*Asks:* 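Next up is a structure, given as structure tokens.
To find a chain, count down the sequence lines: A is the first, B the second, and so on, and within it residues start at 1. Not measured: the values here are computed from a predicted model.
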There are 2 protein chains.
Amino acid sequence: MSLTLAPDGQSPASDEAVPRLSLTVAAQPLTQQIANHIRDQIIHDGLKPGERIREQPISEQLRVSRTPIREALQILATERLVDILPNRGALVANPGVEDLRGMLKVYSMLDGLGGELACLSAQPVQVAEVERQYNLLQVAFEAKDRSAYFQANQAFHLGIVAGSGNPTLVEIHGQLNLRLYRTRYLAVMQIKDWTSAAYQHADILKAFLDRDGPLLNRLLQAHLGFAWRQAEGVVETPALASA
Amino acid sequence: MSLTLAPDGQSPASDEAVPRLSLTVAAQPLTQQIANHIRDQIIHDGLKPGERIREQPISEQLRVSRTPIREALQILATERLVDILPNRGALVANPGVEDLRGMLKVYSMLDGLGGELACLSAQPVQVAEVERQYNLLQVAFEAKDRSAYFQANQAFHLGIVAGSGNPTLVEIHGQLNLRLYRTRYLAVMQIKDWTSAAYQHADILKAFLDRDGPLLNRLLQAHLGFAWRQAEGVVETPALASA
DNA sequence: CGCCTGCGTATTGTCGACAATATGGAAAAT
DNA sequence: ATTTTCCATATTGTCGACAATACGCAGGCG
């Protein structure tokens, strides 16, 4: 879960135990680690929409100077997960219902396109992974484990898009997915009737296995539109709106 | 064109001539200005794909410390216009033909969706703007002014998408457009037969004015696919590939 | 009584310096 | 002659300090 960030964590006498071979996987840049850290907190609702993100507290918690933190915030701002107000700091992005509706429109289109392309070019190992996630989905559903259900649901859909073999599509789809992540998570955890949407996955999987691209495209878009209509009521949490 | 960046450019005695009223448009953050500066150079081919971007020369040219430059590079890396190799600097992104093909697939899908939505919710002023750009397009075409043609073509397509009223769509579409900008520009400037694609704009405009969403969607996607097939030959410039 | 002004403080923005890492080439070894 | 090692140099990465800006509140003014 949480990153082991502090660079002063000295493994005893490990200076020679871990020589700087080029074979060794290079540690991720500090800026990226920090961006990942903050991003995780945002999508998992540790940092609430509209909440102020101050640099100094993060600097102290992670034992890092403000410089890489500011670089990380620029990344997250470009991903539209935070808003940076010049000279007034960074806020967790707080999209309104209308914004979320617009994002979902684009997202479902990309999701459908991903499915359609995946029917053409998904590798067997990718198909198998999607099937595996479908089974996990069913297990979680029958166990009424919403958290596991959400996780498998994520992996199921992302797995299909990955099958498209289109890196740009995967990237943009994934970025929009992050923007919608928190809302979708809260929706899945809260809505009363989560049975209907769950059953749609069987048809989706079948279309995928049949490699029926156009059908899968339609099913995915309809599925997301349906899930959204169920979630819409939950969204009405204006979060922090002061003054 | 080029930014007036140097903060030492003292307009004589303008300290009181431009008081810091809240009505005054706040100057764009330095980081953004630098990002815009580098972005412009990339898409206009001043910085070539694969070329190294060193921080110090930029720092000297713009009379700015490296800190905001690094922040700008993080932004551009998130936009996939540059690649940052940890400890080894930033390069101008250099997508291969396969990458470009994948981007264009997503781009045309978004373009088509934008057109379809625009048929539903474009404001009269937006429709008028698209018509205006269409006329500029025709003028430039008849004058064989490829540069003006490209510019009007850009504004024409972006104008349609803007009519969708979906900020997320506009943003993602615009970002992909930037990634493809240089290639499209070089293609328009180089291809021999640029008459065929030009004529398609008449049908596109008509479908838009008729508010025929599905038709416009199909026309736009076909249009981009066509333009791409014409451009494909031009793309074969592997740029810098040393060692 | 409410609003405007001015100042102290908190926070962001920028900088120069130093540390860490990679690069290229000369010298040495095979 | 070729490869390897080692070092000087160039470049990126991180930091602490300072500058610039915004915020909140006390005091004064209409």
Side-chain angles (χ1 to χ4, degrees), chain A residues 3 5-10 14-15 18-38 51-77 82-92 240 242-243, chain B residues 3 5-10 15 18-35 37-38 51-77 82-92 240 242-243:
Chain A
L3 301 175
L5 245 178
D8 51 325
Q10 298 145 329
S14 65
D15 285 341
V18 183
R20 271 66 176 172
L21 297 178
S22 48
L23 298 175
T24 309
V25 281
Q28 215 180 8
L30 195 48
T31 298
Q32 293 298 330
Q33 293 185 49
I34 298 171
N36 293 341
H37 179 76
I38 301 176
E51 184 175 346
R52 182 89 176 267
I53 304 178
R54 291 190 195 76
E55 296 164 4
Q56 205 174 58
I58 300 177
S59 167
E60 289 164 6
Q61 286 172 21
L62 303 185
R63 312 283 216 68
V64 166
S65 86
R66 285 170 49 226
T67 306
I69 296 175
R70 290 179 55 81
E71 291 178 0
L73 287 174
Q74 296 290 346
I75 292 174
L76 296 171
V82 316
D83 294 330
I84 294 183
L85 311 182
N87 285 317
R88 313 205 323 152
L91 308 181
V92 177
L240 318 186
S242 53
Chain B
L3 299 175
L5 244 177
D8 51 324
Q10 298 145 330
D15 286 340
V18 185
R20 271 65 177 172
L21 298 178
S22 48
L23 299 175
T24 309
V25 282
Q28 215 180 9
L30 195 49
T31 298
Q32 292 299 328
Q33 293 185 49
I34 298 171
H37 178 77
I38 302 176
E51 183 175 345
R52 183 89 175 268
I53 303 178
R54 291 191 195 76
E55 296 165 5
Q56 207 174 59
I58 300 176
S59 167
E60 289 164 7
Q61 287 172 20
L62 302 185
R63 312 285 215 67
V64 166
S65 87
R66 285 172 47 226
T67 307
I69 296 175
R70 290 178 56 80
E71 291 178 359
L73 288 174
Q74 296 291 345
I75 291 173
L76 296 170
V82 316
D83 294 331
I84 293 182
L85 312 182
N87 286 317
R88 310 205 316 144
L91 308 180
V92 178
L240 320 185
S242 53

*Asks:* Can you tell me how far CG of A/Asn36 sits from CD of A/Gln28, rounded to the nearest 0.5 angstrom?
*Replies:*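 Result: 5.0 Å between the selected atoms.
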*Asks:* Phosphate oxygens OP1/OP2 of D/dT11: is one of them under 4.0 Å from a side-chain N or O of B/Arg88?
*Replies:*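 So the side chain of B/Arg88 is outside the cut-off, no N or O lying under 4.0 Å from OP1 or OP2 of D/dT11.
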*Asks:* What is the distance, to the nearest angstrom, from the CG atom on B/Leu91 to the P atom on D/dT12?
*Replies:*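 One finds 10 Å between P of D/dT12 and CG of B/Leu91, rounded.
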*Asks:* Tell me the interatomic distance from B/Arg54, atom CZ, to D/dT9, atom P, rounded to whole angstroms.
*Replies:*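 Atom-to-atom, B/Arg54 to D/dT9, this comes out as 18 Å.
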*Asks:* Could you pick out which residue, A/Thr67 or A/Gly89, lies toward the 5' side of DNA chain C when each is mapped onto its nearest nucleotide?
*Replies:*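 It is A/Gly89, whose closest nucleotide lies nearer the 5' terminus.
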*Asks:* When rounded to the nearest 0.5 angstrom, what is the spacing between CD1 in A/Ile58 and CD1 in A/Ile34?
*Replies:*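 So the gap between those two atoms works out to 8.5 Å.
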*Asks:* Which part of the nucleic acid, if any, lies within reach of A/Ile84 when heavy atoms closer than 4.0 Å are counted: base, sugar-phosphate only, or nothing?
*Replies:*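 Since no nucleic acid heavy atom lies under 4.0 Å of A/Ile84, the category is nothing.
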*Asks:* Distance from B/Ile75 atom CD1 to A/Glu71 atom CD, nearest 0.5 Å?
*Replies:*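 Going from the CD1 atom of B/Ile75 to the CD atom of A/Glu71 covers 10.5 Å.
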*Asks:* What about A/Arg66, does its side chain sit under 3.5 Å from the base of C/dG13 through a donor-acceptor pair?
*Replies:*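 A donor-acceptor contact between them is present.
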*Asks:* When you check the phosphate oxygens OP1 and OP2 of D/dT14, does a side-chain N or O of A/Ser65 lie under 4.0 Å from one of them?
*Replies:*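 No.
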*Asks:* Return the 5'-most residue of the pair A/Pro68, A/Asn87 with respect to DNA chain D, ranking by each residue's nearest nucleotide.
*Replies:*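 Upstream on the strand: A/Pro68.
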*Asks:* Determine: side-chain N/O of A/Arg70 to OP1/OP2 of C/dG13, distance under 4.0 Å, yes or no.
*Replies:*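 The answer is yes; a side-chain N or O of A/Arg70 sits under 4.0 Å from OP1 or OP2.
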*Asks:* In whole angstrom, what separates B/Ile53's CD1 from D/dT11's P?
*Replies:*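 Distance check: B/Ile53 CD1 to D/dT11 P gives 14 Å.
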*Asks:* Between D/dT14 atom C1' and B/Glu71 atom CD, what is the distance in whole Å?
*Replies:*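 The answer, rounded to whole Å, is 13 Å.
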*Asks:* Measure from CG on B/Leu85 to C1' on C/dT21 and round the result to the nearest Å.
*Replies:*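 Answer to the nearest Å: 14 Å.
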*Asks:* Rounded to the nearest 0.5 Å, how far does OG1 of B/Thr31 lie from CZ of B/Arg70?
*Replies:*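 One gets 12.0 Å once the value is rounded to the nearest 0.5 Å.
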*Asks:* I want to verify a distance call: between D/dT14, C/dG13, D/dT12, whose nearest atom is closest to the A/Thr31 side chain?
*Replies:*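 Shortest atom-to-atom distance from the side chain points to D/dT14.
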*Asks:* Rounded to whole angstrom units, what separation is found between the CZ atom of A/Arg63 and the P atom of D/dG13?
*Replies:*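 After rounding, the reported distance stands at 23 Å.
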*Asks:* Ignoring the backbone of A/Leu30, work out which of D/dC15, C/dC15, C/dG13 is nearest its side chain.
*Replies:*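 Of all the options, the side chain of A/Leu30 is nearest to D/dC15.
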*Asks:* I need the CD-P distance between A/Gln56 and C/dG13, as an integer number of Å.
*Replies:*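 Going from A/Gln56 (CD) to C/dG13 (P), I get 14 Å.
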*Asks:* Write down the distance between CD1 (B/Ile58) and P (C/dC15), rounded to a whole number of angstrom.
*Replies:*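 Rounded to the whole Å, the gap is 14 Å.
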*Asks:* Side chains of A/Gln74 and B/Gln32: closer than 4.5 Å at any heavy-atom pair?
*Replies:*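 The answer is yes, as the side chains (C-beta and beyond) meet within the 4.5 Å cut-off.
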*Asks:* What is the nucleic acid contact for B/Leu73, judged by heavy atoms within less than 4.0 Å: base, sugar-phosphate only, or nothing?
*Replies:*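 No contact.
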